[in-house]
Amino acid sequence: MRNSKNYIRAIAFLAVVVILNALMDYVMLHPYYTQNLERDLKKQGDIDILFLGDSLTASLYNSDLIGKELGLTAFAMGFASANLETCSIALEDAMRTRNIGTVVLGWDLRDSGRELPSEQKSYYAEIFANTSFSKAKARIIPHLMNLRYTDVLQIWSGYFDPRDIIEVVKVKNTPEYKRGDVVIWHPDRQPRKYLGQGCYAYLMTEDRADGAKLEVPPFNSDSSDIPEENVELLRKMKEMCDRRGTRLMAIASPQPQSVLESWGNYDDALARTRRVLDGLGIGFIDTNRIEDFAEFQKDEYFRDIWGHMFYPQIDGYSKKICGILKEGGYLDTKKADEKNEKEKER
């Protein structure tokens, strides 16, 4: 009898914990695009082109448009402030249940390869919450064990105020949020429009109207070599892709004209990246140095100096990327041709 009561108490306790957790998730967690990213990824079967990287990658590549242009399946998987380890974990998790033809790694010449696995620790909790239970997810646990409350507060304090709870609930009850069309991760921040296939694009704001210039003082990026920890992560990603017959390449994220003009050692940063990626057999393209892409470098096309491009400007950029991928031999064009033939037969 006593054991029965203990079992009932245990079950009741667990039920209360689950209910409270769900309630806190609803009223405390800000609407954020990664919450929808994993949901959308679970719906995907095999992926022909996977764009993988940070927030630039998530908002830059209109994967729905790219897929239709090429006759293939494309998906954008980007995480805020992602480093190479979080990208590696996300890729391993994505490959667990599906075949991926080509992986395009979004490469920021200022940050990619510079952020060490031990940095941006608070974001590991975000990646952990948005991946499936797997061996890949287990790789995140050591980072979670090292989290201090200050690591978590660092990200929360920037945009969380208990008074926002009412606003959070309001946003989560809007039709836009429920259908995933517009995600607002903070009532005072800019909304992002969902374009399908994982891409959440920034919408133009009044303060970034035509003719607006970005103020960028002259600067030099870190001139030291890419840390060995990151070279090893890139090597593991390449081996992971090779084992699955997946192509791996990287594309440097586009930068506003004012940034390019103020960047004193851009060519050095470019050479350092090429040296490492070429050594690993990873193809690399820098659209900032391709004349056909110059039209997308206007300051007014970007919301900030980091390279977050507005919608619908990303559509033109995405169409150009289609040509780069196809002409560079980075795609399984045979599969695309077969799809086109089937559509013609219909």
Side-chain angles (χ1 to χ4, degrees), residues 32-80 82 84 86-108 112 126-127 129-132 134 136-137 179-183 192-202 237 240-241 244-251 253 282-283 285 308-309 311-312 314-315 317-326 328 330-333 335-336 338-339:
Y32 195 49
Y33 71 94
T34 52
Q35 295 174 22
N36 295 327
L37 178 62
E38 177 60 21
R39 178 202 65 192
D40 294 341
L41 186 61
K42 286 178 180 177
K43 300 176 183 176
Q44 300 294 309
D46 293 344
I47 299 174
D48 298 312
I49 316 166
L50 179 68
F51 296 94
L52 177 66
D54 54 16
S55 59
L56 298 180
T57 303
S59 61
L60 179 64
Y61 297 101
N62 186 339
S63 38
D64 184 57
L65 181 150
I66 290 172
K68 290 174 180 175
E69 286 279 320
L70 296 173
L72 297 169
T73 301
F75 193 85
M77 188 164 64
F79 301 91
L84 287 175
T86 51
C87 286
S88 173
I89 291 169
L91 177 59
E92 183 179 343
D93 187 60
M95 282 184 158
R96 188 172 59 87
T97 57
R98 60 181 62 82
N99 293 319
I100 299 176
T102 300
V103 174
V104 177
L105 186 61
W107 191 273
D108 187 339
S112 295
E126 179 183 309
I127 301 297
N130 293 286
T131 50
S132 306
S134 63
K137 191 164 189 170
R179 68 172 178 257
D181 181 35
V182 176
V183 175
R192 300 174 69 173
K193 181 177 177 61
Y194 185 51
L195 302 181
Q197 294 300 98
C199 178
Y200 288 89
Y202 287 101
M237 290 175 70
M240 194 189 312
C241 289
R244 302 287 294 271
T246 300
R247 303 168 182 82
L248 175 62
M249 54 95 65
I251 298 179
S253 299
I282 300 174
I285 294 172
H308 293 94
M309 190 183 288
Y311 172 81
I314 65 168
D315 285 358
Y317 180 83
S318 294
K319 288 181 179 179
K320 291 278 188 181
I321 288 297
C322 290
I324 289 287
L325 294 176
K326 196 170 183 178
Y330 295 107
L331 303 175
D332 183 357
T333 53
K335 187 172 182 179
E338 289 174 353
K339 277 189 177 182

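None of the values given here were measured: they were computed from a predicted structure. These numbers come from the heavy atoms of this one structure, side chains and all, not from hydrogens, waters or symmetry mates.
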Side chains of [X] and [Y]: closer than 4.5 Å at any heavy-atom pair?
X   : Y    : answer
L52 : M237 : yes
D54 : D108 : yes
D93 : R96  : yes

Measure the [atom1]-[atom2] distance between [X] and [Y] for me, rounded to the nearest 0.5 Å.
X    : Y    : atom1 : atom2 : answer
L65  : C199 : CG    : SG    : 9.5 Å
I285 : I321 : CD1   : CD1   : 7.0 Å
I49  : T73  : CD1   : OG1   : 8.5 Å
D48  : L331 : CG    : CG    : 8.5 Å
D332 : L70  : CG    : CG    : 12.0 Å
L72  : L325 : CG    : CG    : 9.5 Å

Next item on the list: Let me see the working for R244 and I100 under side chain to side chain contact (heavy atoms under 4.5 Å, CB included), right down to the final yes or no.
Entry: CA-CA 8 Å; R244 302 287 294 271; I100 299 176; over 6 Å; no
Next item on the list: Could you go through the side chain to side chain contact (heavy atoms under 4.5 Å, CB included) check for L105 and L91 one step at a time?
Entry: CA-CA 10 Å; L105 186 61; L91 177 59; over 6 Å; no
Next item on the list: Tell me, please, which residues at least two apart from Y317 pass side-chain hydrogen bond (donor to acceptor under 3.5 Å, both in side chains).
Entry: T287
Next item on the list: Could you give me the CA-CA distance, side-chain angles and deciding distance for F75 and I47, then say whether side chain to side chain contact (heavy atoms under 4.5 Å, CB included) is met?
Entry: CA-CA 7 Å; F75 193 85; I47 299 174; 4.0 Å; yes
Next item on the list: Please lay out, stage by stage, how N62 and Y311 fare under the test side-chain hydrogen bond (donor to acceptor under 3.5 Å, both in side chains).
Entry: CA-CA 9 Å; N62 186 339; Y311 172 81; 5.9 Å; no
Keeping the roles fixed (side chain from [X], backbone from [Y]), state whether a donor-acceptor pair exists under 3.5 Å.
X    : Y    : value
R98  : G45  : yes
R247 : V103 : no
Y61  : D64  : no
R192 : A201 : no
Q197 : S63  : no
S88  : L84  : no

Item checked: Carboxylate-amine/guanidinium proximity below 4.0 Å for K319 and D315 -> no
Item checked: side chain to side chain contact (heavy atoms under 4.5 Å, CB included) evaluation trace for F51 with M77 -> CA-CA 6 Å; F51 296 94; M77 188 164 64; over 6 Å; no
Least distance between heavy atoms, [X] atom then [Y] atom:
X    : Y   : value
G106 : T57 : CA-OG1, 3.5 Å
C87  : A82 : SG-CB, 4.1 Å
I314 : S59 : CD1-O, 3.5 Å

Next item on the list: Please identify each residue that fulfils side-chain contact (heavy atoms from CB on, under 4.5 Å) with S253, with sequence neighbours left out.
Entry: L56
